[in-house]
Every structure is written in structure tokens, then in C-alpha cells.
There are 2 protein chains.
Amino acid sequence: MRKIDPEVHAEKRRQILDAASICFAEKGFEATRTADICQKAGISSGKLFHYFKSKRDVFAAIFAQGKSEDTARLNEASRAPTTVAALVGFFEEALSHQGNPVLAGLLFEAIAFARRDAEFAQALERDELHTRDQLVALVETAIAKGEVAPGTDPLQAADWLMGLHDLTILRAVWDRKQAPGTDRSMIETLVRSILSASQRQPGTSGENS
Amino acid sequence: MRKIDPEVHAEKRRQILDAASICFAEKGFEATRTADICQKAGISSGKLFHYFKSKRDVFAAIFAQGKSEDTARLNEASRAPTTVAALVGFFEEALSHQGNPVLAGLLFEAIAFARRDAEFAQALERDELHTRDQLVALVETAIAKGEVAPGTDPLQAADWLMGLHDLTILRAVWDRKQAPGTDRSMIETLVRSILSASQRQPGTSGENS
DNA sequence: GTCTATATAGCGATAGAC
DNA sequence: GTCTATCGCTATATAGAC
């Protein structure tokens with residue numbers, strides 16, 4: 001005989017967010033109508049605006065539910081015996097996300113939305129910087145272990161590794177033409193190339209902020 | 001005493017498209033108001049709809065004005081003495097586009113729009129396939145010249161090279177964190193890595209489609 | 001707490017004067 | 001050919017019944 005079960009409330013919220021995720025991933029923020037979300041969630045308009053104060057609020061809530069699994073996976077990698085191999089594994093994992101159109105679509109639309117909403121952009125960037133810092137730490141570990149050359153610039157390596165990560169996931173959004181068979185070995189080659197090419201160069205500006 | 005100068009007409013069209021390009025690149029298709037375009041172009045609403053039948057029409061016209069300069073640049077590359085070096089040069093050129101927010105933004109919004117408009121998506125894909133075919137031909141030339149290994153799969157290499165190209169331009173859209181000093185050498189390393197890693201593998205499925 | 005009905009506002013596109 | 005005024009529509013968000 002409880003008054004308002006907080007679990008029921010959270011569950012309902014999640015249910016709405018799941019429906020909204022699919023809509024936003026497919027059609028983007030502005031093209032998605034709140035009516036679309038309500039229909040997919042099987043609720044009425046009034047209910048949606050009871051749980052969320054605006055459409056923007058729904059969108060933001062999808063991404064606010066915390067740290068992505070990337071964080072956990074990269075933490076695992078930091079404890080692996082061979083750091084570089086664990087790093088390669090992390091990127092190969094990203095390949096499997098390619099098959100998930102909702103996840104890839106959401107990531108794309110998040111970037112699109114961030115271009116128009118400064119507050120959201122800031123939150124997104126905070127997450128990205130966190131991931132980058134984890135990568136920097138991993139590269140430093142690999143250097144300490146002697147797995148990669150001592151002159152490697154961890155920041156530059158991390159930047160390009162993040163680029164590779166984005167590319168791997170996002171290409172699924174606008175292009176399905178990748179040969180799936182040989183991708184894993186290509187990913188491994190590229191990860192290792194980025195690591196070995198990120199040399200701190202004495203003449204050039206290896207350090208900038 | 002000419003009736004309607006076709007050049008004046010074309011010039012006016014271009015003027016509208018230039019203004020529209022900036023708006024679309026900044027805010028995307030749906031968030032851009034026709035009023036925004038009119039204001040930026042210094043015209044009235046009636047005029048816009050005299051030259052274009054709809055907002056979608058304006059957007060499509062921006063990209064319909066033909067083959068990108070990429071086509072011409074890749075054609076040049078096919079006549080260069082060292083094919084691989086020319087290829088590297090093509091990708092280094094893409095780095096300079098990074099500084100052009102309108103170009104990068106337009107490319108991003110084109111992809112976003114293509115996700116919702118099948119006809120536009122088809123046109124965009126046609127252009128992409130053309131670029132990819134050019135890259136395939138270049139890789140084949142390089143193989144014939146003995147610049148890259150004979151067992152290289154031109155299609156796989158071209159796919160990943162296009163990915164690198166997209167990444168180079170699009171990262172400017174959501175991320176400004178790349179270390180500019182050492183990018184050129186990184187690009188070269190990655191181009192060469194992709195070429196050498198695209199080996200037709202006997203066991204795995206090197207050919208699909 | 002939930003749903004139905006609707007207020008409000010802003011957009012794309014047009015009609016018609018000049 | 002161009003501009004002004006405005007129509008018709010659709011979408012978000014709310015108010016009030018149950």
C-alpha cells in the first residue's frame with residue numbers, strides 16, 4: 001500500500017526513453033514529433049509531458065543516463081596483461097556496434113543536436129574528454145610497459161584513436177559498403193599505425209595545450 | 001534590350017544558394033527557416049519561392065551543382081608520376097578543408113538529410129560511388145606500377161580510404177581537438193597503412209558483393 | 001496519476017497588388 | 001518580376017475532466 005512506487009516511475013520513464021531513442025535515431029530531433037514518441041510508447045500526450053517537461057528534455061535524458069559502457073570497457077583494458085592487445089580489442093568491439101542502427105543513429109543525431117544546443121554540446125564534450133583521458137592513460141601505460149616506443153605522444157595518439165572509433169561506428173550511418181570480412185585485421189593495423197606514428201617531433205609542435 | 005537575361009537569373013540563383021548554404025551548414029535543414037535564408041540573401045519570401053519551389057528544392061540544388069572538386073583532383077592524381085604520393089597529397093588537401101566550417105557543416109547536414117530523404121540519399125550515394133571508383137582505379141594503377149603489393153584488394157583499400165577522407169573533414173564538425181602540427185605525417189602513415197593492409201586474404205572472404 | 005481536448009504560436013507556401 | 005500580407009496547417013505544451 002505504497003503511495004508512489006519510485007520503481008514504477010523509473011520503469012515508465014525508461015519505457016518512454018526507449019521508444020524515443022528509436023524515433024530520434026531514425027528521424028532526428030526536429031523531424032521526430034512528440035506524437036510519434038507517444039504512439040511508439042503506447043501512451044498519451046499528457047503522460048509524456050508529465051514525465052518530461054519538453055521534447056528537448058526527453059532527448060537530453062537519453063544521453064544523461066550516465067557514462068557509456070565505453071568507460072567500463074576501457075577500465076577493463078587498463079588491467080589487461082597486454083595493453084595494446086586490449087586496446088585493439090576495444091576497437092574491434094566497436095565494429096559490432098556497426099550492426100546496431102539505433103545506437104549509431106543516436107550517436108549521429110547527438111552530434112547534430114550538439115551543433116545547435118550549447119548546453120548539450122558541453123555535456124557531450126565532457127564525456128568525450130573523459131574517454132580521451134582514459135585513452136591517454138592507456139597509451140602511457142603501454143609506453144611504461146615498453147609496448148610502444150618511448151617517444152610516442154599519448155595525446156596525439158588518443159585523438160586519432162578516438163577518430164578511428166567514431167569513424168568505425170558512424171560510417172554505418174551513411175555507408176554500408178565496408179567489407180566485413182577483413183575489417184578486424186584492418187582495425188588492428190590502424191590502431192598500431194596510429195600508436196607508432198604519434199611520435200613527439202622535436203622540430204614540429206608536438207605539444208599544443 | 002533583352003527580355004530575361006539568363007545570366008542574371010543564374011547569378012541570382014547562386015546568390016540565394018550561397019546564403020542558404022551558410023544557413024543550412026550552421027543550423028541544419030529543419031532548423032533553418034526560409035525567412036533566415038531570405039534575410040541572409042537580402043530578398044523577400046516571394047522571391048525565394050519564385051526561384052525554388054520549396055525549401056527542400058533549395059537544399060537539393062546546393063548539392064546538384066555537380067561533381068565536387070574531388071573528382072577533378074583525383075583525375076589529376078591519376079596522371080601523377082608517383083601514384084601513392086599523389087594519393088597522399090589528396091588526403092592532405094582534405095585537412096585544409098577542416099578549416100572551412102561551411103563546407104564541413106554542409107557535408108554533415110547532407111548526410112543527416114539523406115537519412116530522411118530517399119531521393120536525395122540516392123544522388124549522394126551516386127557521387128560517393130563515383131569517388132570510390134576513382135580511388136579503386138588509382139589503387140589498381142599503383143599496383144600495376146609496383147608501388148603497392150600485388151595482392152592488395154583495391155575495393156577494400158578504397159572503402160577505407162574514403163572513410164579516412166570523411167573522418168578528416170567531418171571531425172572538424174564535432175571536434176576541434178586535433179593536433180594540427182603533426183597531422184600531415186599521420187595522414188601519410190594511415191594512407192600507406194591502409195594500402196598495405198588491404199590484402200586479399202585467401203581464407204577469409206576478400207570478395208563480397 | 002492519466003487521458004482528452006484545445007490554446008497558442010510559428011512555419012511554409014501562396015495570392016494578388018504593384 | 002518583386003514585394004506584402006496572410007492563409008492553412010501542424011506541432012508543442014497545457015488545462016481540466018475523470
Side-chain angles (χ1 to χ4, degrees), chain A residues 1-62 109 112-113 115-117 119-120, chain B residues 1-62 109 112-113 115-117 119-120:
Chain A
M1 196 175 262
R2 51 194 181 265
K3 300 193 288 199
I4 309 142
D5 193 332
E7 284 187 22
V8 169
H9 186 87
E11 173 58 25
K12 204 84 191 175
R13 252 182 81 101
R14 241 184 49 78
Q15 187 180 322
I16 296 174
L17 289 182
D18 282 348
S21 294
I22 297 171
C23 295
F24 287 135
E26 273 175 4
K27 307 171 58 171
F29 179 75
E30 1 246 333
T32 294
R33 308 293 150 213
T34 52
D36 300 338
I37 300 173
C38 294
Q39 193 186 1
K40 184 147 299 216
I43 58 167
S44 64
S45 171
K47 199 162 185 171
L48 188 144
F49 286 99
H50 171 71
Y51 283 90
F52 301 94
K53 77 173 205 288
S54 69
K55 187 169 77 157
R56 184 201 171 284
D57 205 41
V58 176
F59 190 81
I62 291 172
E109 298 299 340
F113 190 67
R115 279 161 53 74
R116 275 148 233 149
D117 186 303
E119 194 187 348
F120 185 81
Chain B
M1 197 173 265
R2 50 193 182 265
K3 300 191 290 199
I4 309 143
D5 192 331
E7 284 186 23
V8 170
H9 186 87
E11 173 58 24
K12 204 85 192 173
R13 252 182 81 102
R14 241 184 48 78
Q15 188 180 323
I16 296 174
L17 289 183
D18 283 348
S21 294
I22 297 171
C23 295
F24 286 134
E26 272 175 5
K27 308 170 57 171
F29 179 75
E30 2 246 333
T32 294
R33 307 294 151 212
T34 52
D36 300 338
I37 300 173
C38 294
Q39 193 187 3
K40 184 147 298 214
I43 57 169
S44 63
S45 170
K47 200 163 185 170
L48 188 144
F49 286 98
H50 171 70
Y51 283 90
F52 301 94
K53 77 173 205 286
S54 69
K55 188 169 77 157
R56 183 201 172 283
D57 205 39
V58 176
F59 190 81
I62 291 172
E109 297 298 341
F113 190 67
R115 279 161 53 74
R116 276 148 232 150
D117 186 304
E119 194 186 349
F120 184 81

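Both backbone and side-chain heavy atoms feed into the values below; hydrogens, waters and symmetry mates do not. Order of the sequence lines fixes the chain letters, A, B, ..., with proteins taken first and strands second; residue numbering starts at 1 for each chain.
For the side chain to side chain donor-acceptor pair (under 3.5 Å) test, no residue two or more places apart in sequence or in another chain qualifies with B:R33.
Classification of the B:F29-B:F113 ring pair by plane angle, with boundaries at 30° and 60°, yields tilted.
The environment of B:K27 atom NZ is dense: over 12 non-hydrogen atoms of other residues, nucleotides or ligands sit within 6.0 angstrom. No more than 12 heavy atoms of other residues, nucleotides or ligands shown are found within 6.0 angstrom of CZ on A:R14.
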Where along nucleotides 2-17 of chain D does protein come under 4.0 Å, by heavy atom, of base (B) or sugar-phosphate alone (S), with - for untouched nucleotides? SBB------SSBB---
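Regarding B:F52, its CZ atom lies at a distance of 18 Å from the C1' atom of C:dT14, rounded to whole Å.
The shortest non-hydrogen separation linking A:K55 to A:T32 is NZ-O, 2.9 Å.
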